[in-house]
Peer 1: 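Dumping the structure here so I can ask a few things about it.
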2 protein chains.
Amino acid sequence: MTTPPHHAVAFDRILELVIVVSDDMTRTLSAQGLTDARAHLLWELHHRGPSTQRVLADALRVSPRNITGLVDALVATGLVTREPHPTDRRATLVTFTERGAAMTAAMERDQQEFARILFAGMPDDRVTALVDGLDDVLARLKEHGLTVDAARAAANPGNEAGR
Amino acid sequence: MTTPPHHAVAFDRILELVIVVSDDMTRTLSAQGLTDARAHLLWELHHRGPSTQRVLADALRVSPRNITGLVDALVATGLVTREPHPTDRRATLVTFTERGAAMTAAMERDQQEFARILFAGMPDDRVTALVDGLDDVLARLKEHGLTVDAARAAANPGNEAGR
DNA sequence: CAACATAGTGAAGGGGCATCACGACATGAC
DNA sequence: GTCATGTCGTGATGCCCCTTCACTATGTTG
């Protein structure tokens with residue numbers, strides 16, 4: 001319609017990349033015996049150091065109850081432990097075991113390797129242009145906040161999905 | 001390490017975009033009373049026309065059993081129906097109801113709107129550069145096939161996650 | 001027609017996620 | 001110091017996605 005063809009193309013490419021990358025990450029994680037959610041928790045823990053479950057719940061934007069389950073699983077596989085909080089006896093500090101720390105370090109290395117392979121041989125100015133374009137798109141997304149919601153509201157005012 | 005800084009930046013931007021876009025799509029869908037999986041099925045149906053569940057299972061790359069459940073849900077919400085296959089009495093043809101067709105059409109419109117907002121005011125050459133960059137990255141991903149797996153294998157030969 | 005392949009589904013189970021209710025603890029007010 | 005109130009984590013339930021295995025009803029082929 002009013003959307004220029006190359007915009008649609010760009011959108012398609014982004015969606016395709018979204019699919020491909022997230023699929024690949026999921027496969028790689030499961031090859032290491034991890035799931036997306038558990039890896040996400042590990043990642044957050046890696047960047048924050050020992051944390052309470054409440055903090056992790058806020059960081060992962062999931063319910064505290066869910067964190068309990070994820071931590072249970074990671075404890076069961078020996079990647080983290082629950083340590084008592086030094087001052088607050090209600091809270092527990094989720095902490096890496098040696099294996100957990102090693103696995104997280106490996107994840108970080110893998111990511112580096114992934115980035116290296118991904119852009120290997122790609123001209124610098126092309127990478128720069130890519131980053132600029134992505135930044136533009138991201139800025140636009142943040143700015144609009146609601147993004148698609150806004151689009152939907154603009155496209156068909158006053159509709160409601162049956163529930 | 002050997003990874004140039006701007007490569008890491010580019011990778012980060014891509015990951016961020018992946019997160020933001022998929023989150024947004026999920027939110028938008030659930031606002032319409034849909035889940036990712038069910039919307040995906042609807043989308044596939046939209047592009048293929050009435051299909052057997054087997055075909056949908058292959059298209060979505062999930063087990064046939066799972067399709068049964070998804071179709072059940074879509075039938076329950078009145079978006080599709082199960083019609084008998086004209087020649088094969090084992091199979092059923094999943095078909096849109098009017099509401100289902102309308103909702104799918106709305107999804108397509110929303111996507112157009114989304115693309116429009118996303119790239120509105122962005123210079124053409126910038127969009128072109130973005131598409132070129134994304135194409136490069138996608139090509140590299142397809143070429144490598146295993147992507148991260150390859151990276152992992154190269155980075156730490158002979159490791160196995162405890163299971 | 002017998003032998004074999006295929007479409008769909010019941011049963012059972014692994015995860016992710018949410019809400020509600022509740023007990024253990026922290027804290028500020030009195 | 002005691003008491004109201006808020007917070008941390010978790011048991012109980014329930015929804016959704018997804019899988020494998022077993023089984024029925026049909027197609028297909030020799």
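Computed from heavy atoms alone, side chains included, the values below leave out hydrogens, waters and symmetry copies.
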Peer 1: Rounded to whole Å, how long is the line connecting atom CG of B:D58 with atom P of C:dT6?
Peer 2: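 Going from CG in B:D58 over to P in C:dT6 covers 11 Å.
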Peer 1: Please state how far atom CG in A:D36 lies from atom P in C:dG14, giving the value in whole angstrom units.
Peer 2: 19 Å
Peer 1: How many Å lie between CG on B:D88 and C1' on D:dT28, as a whole number?
Peer 2: 11 Å
Peer 1: Would you kindly give the CG-to-P distance between B:L70 and D:dC15, to the nearest whole Å?
Peer 2: 16 Å
Peer 1: Restricting both atoms to N or O, compile the protein contacts to nucleotides 8-10 of chain C shorter than 3.5 Å, with distance only.
Peer 2:
unit_1 : atom_1 : unit_2 : atom_2 : d
C:dG8  : OP1    : B:Q53  : N      : 3.1
C:dG8  : OP1    : B:T92  : N      : 3.1
C:dG8  : OP1    : B:T92  : O      : 3.3
C:dG8  : OP2    : B:Q53  : N      : 3.4
C:dG8  : OP2    : B:R54  : N      : 2.6
C:dT9  : OP1    : B:R82  : NH1    : 3.3
C:dT9  : OP2    : B:Q53  : OE1    : 3.3
C:dT9  : OP2    : B:Q53  : NE2    : 2.8
C:dT9  : OP2    : B:T68  : OG1    : 2.9
C:dT9  : OP2    : B:R82  : NH1    : 3.2
C:dG10 : N7     : B:R65  : NE     : 2.8
C:dG10 : N7     : B:R65  : NH2    : 3.4

Peer 1: So does B:R13 pair up with B:E16, basic N to acidic O under 4.0 Å?
Peer 2: no
Peer 1: Please give, in whole Å, the distance from C:dA7 P to B:H85 NE2?
Peer 2: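 B:H85 atom NE2 is separated from C:dA7 atom P by 10 Å.
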Peer 1: Rounded to whole Å, how long is the line connecting atom CG of A:L29 with atom P of C:dG15?
Peer 2: 15 Å
Peer 1: When we call it a touch if two heavy atoms are under 4.0 Å apart, what does B:S30 touch: a base, just sugar-phosphate, or nothing?
Peer 2: nothing
Peer 1: Is a side-chain N or O of A:S30 found less than 3.5 angstrom from the main chain of A:T35, in a donor-acceptor match?
Peer 2: no
Peer 1: Strictly distance-based, threshold 3.5 Å: is any side-chain N or O of B:R99 a donor or acceptor partner for the main-chain N or O of B:T77?
Peer 2: yes
Peer 1: Using whole Å, report how far CG of A:L60 lies from P of C:dA18.
Peer 2: 10 Å
Peer 1: Below 4.5 Å, heavy atoms only, C-beta onward: do A:V94 and A:L74 meet side chain to side chain?
Peer 2: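 No, too far: nothing below the 4.5 Å cut-off.
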Peer 1: It should be established whether B:T35 places a side-chain nitrogen or oxygen under 4.0 Å from OP1 or OP2 of nucleotide D:dC17.
Peer 2: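 For B:T35, the contact criterion (side-chain N or O under 4.0 Å from OP1 or OP2 of D:dC17) is met.
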Peer 1: Sub-3.5 Å donor-acceptor pair from the side chain of B:T52 to the main-chain atoms of B:L93, do we have one?
Peer 2: no
Peer 1: With a cut-off of less than 4.0 Å, is there a side-chain N or O of B:R89 near OP1 or OP2 of C:dA7?
Peer 2: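 No, because none of the side-chain N or O atoms of B:R89 sits under 4.0 Å from OP1 or OP2 of C:dA7.
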Peer 1: Can a donor-acceptor pair be found, under 3.5 Å and without considering hydrogens, that links the side chain of A:S51 to the backbone of A:L56?
Peer 2: no
